[in-house]
Amino acid sequence: MKFKQFSMVSMSLILGTTLAACSSNSNTSNNKALPSNSSTADTSTTSDASKEKVELTFANWISTEDATKEAYNQLIEGFESTHPNITIKSLGIPFNQYKDQVLVSATGGNAPDIMMANQAFTPAFVGASIVQPLQSLLGETIANDILPSSKAGVTYDGQLFAAPWTPHPNALFWNKTLFQKAGLDPNTPPTTWDELLKNAEKIAALKADENGNPIYGIGEATKTGSYTGQMLYRIGLSHGGKFVDDQGKLVFGEGTALTDSLTYLRGLADKKLTPIGAEIKDLRGMFANGSLGFLIDGDFGRNNFRTMSGKGEAFDNEWGVALVPVNQTGRSETIFTEHQLLISKATTHADAAAEFVKYLLSKDALVLYHKLNGVMSSLTSISSLPELNEDDYAKLFNEQMKTASPFPTANPKFDNAMNEASSLTVLATTTKDDISAIIAKVLPNIQALYQK
Amino acid sequence: MTIRWSRKRKNQLFGLILILPASLLLSITILTPLFRSIYTSFLDDSLLSALHPWNHFANYKAVLSSGAFYHSLQVTLTYVISVVVIELLVGIALALILHSNIILRGFFRSIILIPWAIPTIVASVIFLLIYNSDYGVLNQLLISSGLINEKLNILNDASLALIGIMGIAVWKQTPLMTIMILAGLQGISKSIYEAATIDGAGATRSFFHITLPALKPVLANVALLMTVTNFQMFTLFYSLTNGGPVDATKSLAILTYETAFQKYDLGQGATIGVIWMFVLLLFSIPLYRIAHRPQES
């Protein structure tokens, strides 16, 4: 009877334990990578890029986002029209679940042939051995054309594992309408950190718009999550800080940069200059709705704001973009994120996959993508083309790229470390705890990640 | 040689054949992942490594010696116990009201189920708006009624976030609790109350000596159901706070997900899941026994 009772209760409960194992396909000693099941052609692939009918799966998030969906469709159309034997099957995964889903499907034997990534995802994909080196597949010409700062971020043990595609340096967007209302010159953005703060205070002093919606001076991400950690890293750069040294040793917390950065964030919170608990999508919405004086964001901002404001290109008159103001280091410190392209280790059509990657890196594709979404190129020869520097907006981001730093992502735990680092921001902006106590509480968790 | 089977044996065989498909389906969909999970908990199974050797009890040692596990266990227990107790109290109160002769009783009995019918993820989005510190209606109501002076940032305040999530769980799950208790109330014979009234018992004595004892199996069953549901709650935590701010709402469900799919350690993720199952059994078995204890005459 007891066994019966135990069994009945157990049966109703055991679903809870299956979460962690539901996608695991591990063996105790075997490599998990299996051939992709997405290809419809024969497996003899020596010249599949030019002869056979091939279907390639392309894991990406740009096909799932309104702002980039159209560009994605046109890029695929452009490739398929010039490569009639290759069909691209989109595996669109929302950004928030992207890394986990690609890792789980690839290690479970269903790797996409080609996958998008960014600087935070690529180390995990390389670490999981689900992608292959690209130098020989792409050729020396492309490999040597990659911007040095981009190339450093995708080179592991001397091998190129990802093709940097579109870098996204973060620059300062400012709202001209709020500038005017606050009595500031709408055409003169701040050039120093002090000016930025003074302007932000004047804008926040407006308090609310005519509909009662609150107005904030500047939008900084303050919600738990790796993006918030990344923005803390960006703020730290302008205070002279680093996350790791040249040997990859963790130096986050050394010196005064982290304390200064958190003091800056606490100041924003105390003076109500920034909304608390906001993540980047909230901040973008607020900027597009005219509730934020400043927002530091990537070059895709223009398209996002046009869409989110509901005003289209007319909204361009209401904001400007400038280099991130100079702080303690004497230069415009910011970060750049980057969309990258990788080829699965398990693909049976590496040549065809390389053809697709080459197309996406090409002038034709980049000019098209730039026209639609204002993106830039990680290739030196293409980023300097007049077509990619046709207006002040594009020129500004190309200029900002010169002082933008990549994330130090060589350690696959970097993304987790940024997630932990976000606790520093959250505690600094939501509690009155001493800044040094906050650092002492959170930093060991980050150090523990890098010790494993 | 022919086998002559008795009618009883034939019936037993027929019954076995009938339950075989369902048993097989259950084995594949429930038992296989369960055993797979237990097996994985003994492996050094990281998505960042191609090799996944057997590592004995290393995962259990690591999990049980980490502060993160005990913190998540505490968050989970606080959440589950608080939510189930509040739901039981509110559920009983609402069921008594709906059992009495109020006007529009049928209407209220119908609309009370609306929160329960709303998908959890939709409820999360609704409450993200209600709780919003700048635009949320809750802050407007609290300020205009004079209860607070400063707006609350409920989901981003480490001391309020868990309470905020509990509020949504109570709002969403209490209707089911109420309806089940109401069904239990309707099963109690009126003659017992009449006899008690003749013996001089008031409403309070009747409630504690007739209603509650009669409802005990129902209450134990709904408490068991809600305990299991809330122990497994993932959607609310993930969609509202993702375990933040600063781990204040990092339940075992979030810790398991984070360990397995964000830190890529499937071995430790599975270990947390297995320990979690045993904690759940510890809570559930007594409730099950109460629910299925033979009724006193």
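Numbered from 1 within each chain, the chains take letters A, B, ... in sequence-line order.
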Q) When rounded to the nearest 0.5 angstrom, what is the spacing between NZ in A:Lys99 and CZ in B:Phe261? A)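 Here the interatomic distance stands at 13.0 Å.
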Q | Value rounded to 0.5 Å, distance of NZ in A:Lys272 from CD in B:Glu150 | A |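 The NZ atom of A:Lys272 sits 4.5 Å away from the CD atom of B:Glu150.
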I'd like to know if the side chain of [X] pairs up with that of [Y] as donor and acceptor (distance under 3.5 Å, no hydrogens or angles considered).
X        : Y        : answer
A:Asp100 : B:Tyr257 : yes
A:Tyr216 : B:Asp134 : yes
B:Tyr264 : A:Lys413 : no

[atom1] ([X]) with more than 12 external heavy atoms under 6.0 Å:
X        : atom1 : result
B:Asn149 : CG    : no
B:Tyr135 : OH    : yes
A:Asp157 : CG    : no

Q. Applying a criterion of heavy atom separation less than 4.5 Å, what residues of residues 238-246 of chain B form contacts with chain A?
A. B:Leu240, B:Gly244, B:Pro245, B:Val246
Q | Winner by heavy-atom pair count (cut-off under 4.5 Å) against chain B, out of A:Asn419, A:Thr222, A:Ile276 | A | A:Ile276
Check whether [X] gets within reach of chain B through its side chain, its backbone, both or neither, counting any heavy atom under 4.5 Å.
X        : result
A:Asn213 : both
A:Thr224 : side chain
A:Thr429 : neither

Q. Side chain, backbone, both or neither: which part of B:Asn153 has a heavy atom under 4.5 Å from chain A?
A.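 For B:Asn153, side-chain heavy atoms alone lie under 4.5 Å from chain A.
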Q | For chain A, the option from B:Thr32, B:Asn156, B:Leu155 that forms the most heavy-atom pairs under 4.5 Å | A | B:Asn156
